[in-house]
Number of protein chains: 2
Amino acid sequence: MPSHEFQSHDHSHCVSDAMNAALLHCEKNSLKFTPVRQRVFEILLSEHKAMGAYDILEILAKEGMGSQPPVVYRALDFLGTHGFVHKIEKLNAFVACEHPGSDHDPAFMICRSCTKVVEMEGSPNSEISTAAKSMGFEVEAIVVEAEGLCPTCQDTE
Amino acid sequence: MPSHEFQSHDHSHCVSDAMNAALLHCEKNSLKFTPVRQRVFEILLSEHKAMGAYDILEILAKEGMGSQPPVVYRALDFLGTHGFVHKIEKLNAFVACEHPGSDHDPAFMICRSCTKVVEMEGSPNSEISTAAKSMGFEVEAIVVEAEGLCPTCQDTE
DNA sequence: GAGGGCTTGATATACTATAACAGTTCATAT
DNA sequence: ATATGAACTGTTATAGTATATCAAGCCCTC
């Protein structure tokens, strides 16, 4: 499976793989993967894009699954805590994680043209951790978000 | 001068150096470094902490320099555009830049205990750029924010 | 001194997120 | 089986962050 989610790919695999991994992880750890939580995860999985909480809420509301902000924020909190989604700070938006289950400090590429968001492979954050450590700073979490143009959008500019 | 702004240091140098550099840069480039803009910059320089736009606005309002959000957001926009301040996405807050004038992709360390924010030296972001490039992604800007404990706060825990 | 561009003032509103409390569900211990 | 408690959901209200828009003033320059 290619790591280049910016290119076209069999997206149904992304969805089913991630959903299966999440289901498995929840079962193993006795986590309650409730309908709202599953649905929010599905919505986020449906595209490699970051979605705002209120965009998600709108969809939920149409489906009769809760129409107030806390509903979606609580689901996102659950999904984030257990590593199924990540927040893109720069966009105040959320994306489904492509490697759920594994604990990691993700790094993202955000295309400013097509708004796709893809997680980098291999968490290339060691340079930063090293630099921080050399100043005596103890890193607990890292936000890395690179904004620019994805391969496809470079061609069309 | 130590690069360890987490430690105690002669802070008046930070302020005057940065302000002088900003004044110089504005003069050279015919930028209008108006009173509101200068004052917002000063406020942010006064501590190595990130401040919310509304915190700054409160101070401005007390001093009679404008009491509506657009005033401070416009000043922050100007200061950000010209590299005098940076936004900390994770905190929705702003810090004065410690190396104004030089164009750079900053990387920050945020202490979750004392809330100080310090810019890393040397922009340790090449690993990320390399990783992105290897996927064909063209990086235009990078957000790097490491949250954790500064040297001082590690001792007191 | 008229025009144009930029800055500020002011009002209104949009967008993002959380606090707090009530009601429900469900697993577990008694 | 049922009482208990923990976690999830529903709902109301509100806090916090950011921008659109239009009017008015300033300054440069032609």
Side-chain angles (χ1 to χ4, degrees), chain A residues 22-23 26-41 43-44 49-82 84-95 110 115 117 143 145, chain B residues 22 26-27 29-41 43-44 49-82 84-95 110 115 117 143 145:
Chain A
L23 285 164
C26 286
E27 187 155 356
K28 270 188 186 167
N29 296 275
S30 315
L31 301 174
K32 299 183 181 172
F33 203 18
T34 64
V36 185
R37 292 167 177 178
Q38 281 196 40
R39 187 66 192 117
V40 170
F41 189 40
I43 290 168
L44 282 173
K49 293 190 179 174
M51 297 184 71
Y54 283 76
D55 297 331
I56 298 168
L57 182 59
E58 199 176 324
I59 297 175
L60 287 182
K62 275 181 191 151
E63 300 173 354
M65 296 188 80
S67 57
Q68 300 307 320
V71 171
V72 66
Y73 279 103
R74 283 191 289 232
L76 288 168
D77 184 62
F78 171 88
L79 294 167
T81 298
H82 298 292
F84 303 146
V85 312
H86 298 296
K87 179 171 185 184
I88 307 295
E89 299 290 346
K90 176 121 188 180
L91 305 177
N92 291 320
F94 303 83
V95 286
I110 307 165
T115 74
V117 173
V143 172
E145 296 169 1
Chain B
C26 286
E27 187 154 355
N29 296 275
S30 316
L31 301 174
K32 298 184 182 170
F33 202 18
T34 64
V36 185
R37 292 167 176 178
Q38 280 197 40
R39 186 68 192 116
V40 170
F41 189 40
I43 289 167
L44 282 172
K49 294 191 179 174
M51 296 183 72
Y54 283 76
D55 297 329
I56 297 168
L57 181 58
E58 199 176 325
I59 296 174
L60 287 182
K62 276 182 191 154
E63 301 173 354
M65 298 187 78
S67 56
Q68 300 306 319
V71 171
V72 66
Y73 279 103
R74 284 190 289 231
L76 287 168
D77 185 59
F78 170 88
L79 294 167
T81 297
H82 300 292
F84 303 147
V85 311
H86 299 296
K87 180 172 185 185
I88 307 295
E89 299 290 347
K90 176 116 188 184
L91 304 178
N92 291 320
F94 303 84
V95 287
I110 306 165
T115 75
V117 174
V143 172
E145 297 169 0

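Because the structure is a prediction, the values reported are computed rather than measured.
- Within the structure, a side-chain polar atom (N or O) of B/Arg37 is placed less than 4.0 Å from OP1 or OP2 of C/dT7.
- Taking atom CZ of residue A/Arg39 and atom C1' of nucleotide D/dT9, one finds them 18 Å apart after rounding to whole Å.
- Taking every side-chain heavy atom of A/Phe94 into account, C/dA17 is the closest of C/dT11, C/dT8, C/dA17.
- Atom CG of residue B/Leu91 and atom CE of residue B/Met51 lie 13.0 Å apart, to the nearest 0.5 angstrom.
- Side-chain nitrogen and oxygen atoms of B/Asn92 include none within less than 4.0 Å of the OP1 or OP2 phosphate oxygen of C/dT16.
- The residue B/Tyr54 sits close to a base: some heavy atom pair falls under 4.0 Å.
- Among residue pairs with one or both ends in residues 61-81 of chain B, those qualifying as ring-ring contact (aromatic ring centres under 6.0 Å, His included) are B/Phe78-B/His82; sequence neighbours excluded.
- Taking 4.0 angstrom as the limit, B/Lys87 places none of its side-chain polar atoms (N or O) nearer than this to OP1 or OP2 of D/dT17.
- Of the two residues contacting DNA chain D, namely A/Thr34 and B/Gly52, the nearest-nucleotide position lying further toward the 5' end is that of A/Thr34.
- For B/Tyr73 and D/dT19, the shortest distance from a side-chain N or O to OP1 or OP2 is not below 4.0 Å.
- For B/Glu145 (side chain) and B/Glu89 (main-chain N/O), a donor-acceptor pair under 3.5 Å exists by modelled atom type.
- Side-chain atoms of A/Gln38 come within 3.5 Å of backbone N or O of A/Phe33 as a donor-acceptor pair.
- When the side-chain nitrogen and oxygen atoms of B/Ser67 are compared with OP1 and OP2 of C/dA10, none of them lie within a distance under 4.0 Å.
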